[in-house]
Every structure is written in C-alpha cells, then in structure tokens.
Amino acid sequence: MKGFAEIIIQQQLDQQWEDRFEGMVISYRDNHTILQGTLKDQAHLHGILNLIRDLNLKLISVNLWEPG
C-alpha cells in the first residue's frame, strides 16, 4: 500500500518527535497533532501506528489516499 496518510493524535506532540515517525511531517490543529506524509508500504504504516501505541498516545483518526 503506497499512498498519502494523515494521522490525527489527541494531544500536541513536540516537534522533536518528527524524526521518529519515519518521514511524516508534524503539524497542529485544535490541540491535536497531525502527522502527514507518503507511505512506502503497509509495513511503514504499521510501524507508525505501533509507535503511537507504544507512546500511549490516543489515536483519533487515520485517513489514507492511494495514488491513482
């Protein structure tokens, strides 16, 4: 699965975490952290979601757009 992802997390995560999220860009909206970027494959997405889980962050939504 290649494509673009937007992942929303409940609290604001510090910009210093951006490197840990495998190429995703951090921005903020309404006290939420928005991770956006291009996914290399399904394993890339699972790695990001696993990190969110491991950091005990509350996942609000995952939106995926596939090319084409």
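One is the number of the first residue; the rest follow in order along the sequence. Side chains included, hydrogens not; waters and symmetry mates left out as well; all remaining heavy atoms used.
- Rounded to the nearest 0.5 Å, atoms CG (Leu45) and NZ (Lys2) are 14.5 Å apart.
- To the nearest 0.5 Å, the span separating CD1 on Ile34 from OG on Ser61 amounts to 7.0 Å.
- Separation of atoms CD1 (Ile48) and CG (Leu39) is listed at 5.5 Å; rounding is to 0.5 Å.
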Let me have the donor-acceptor pairs involving side chains of residues 12-19, under 3.5 Å, with sequence neighbours excluded, atom names and distances please.
| unit_1 | atom_1 | unit_2 | atom_2 | d |
| --- | --- | --- | --- | --- |
| Asp14 | OD1 | Gln16 | N | 2.9 |
| Gln15 | OE1 | Tyr28 | OH | 3.4 |
| Glu18 | OE2 | Ile26 | N | 2.7 |

Given side-chain contact (heavy atoms from CB on, under 4.5 Å), test Leu35 with Thr33 step by step and report yes or no.
CA-CA 7 Å; Leu35 301 171; Thr33 299; 4.3 Å; yes

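- For Leu59, the side-chain contact (heavy atoms from CB on, under 4.5 Å) partners are Ile7, Leu49, Ile52, Val62, not counting sequence neighbours.
- Not a single side chain to side chain donor-acceptor pair (under 3.5 Å) links Asn31 to another residue, sequence neighbours left out.
- Sequence neighbours left out, not one pair with a member in residues 42-51 passes salt bridge (Lys or Arg N to Asp or Glu O under 4.0 Å).
- Leu57 and Met24 end up in the same hydrophobic cluster when Ile, Leu, Val, Met, Phe, Trp and Tyr side chains are linked at under 4.5 Å.
- The salt bridge (Lys or Arg N to Asp or Glu O under 4.0 Å) pairs that include a residue from residues 21-31 are Glu6-Arg29, where partners are two or more places apart or lie in different chains.
- To the nearest 0.5 Å, atom CG of residue Leu64 and atom CD of residue Glu66 are 7.5 Å apart.
- Here ring pair (Phe, Tyr, Trp, His ring centres under 6.0 Å) pairs that include residues 29-68, with residues two or more places apart or in two chains, are Phe4-Trp65.
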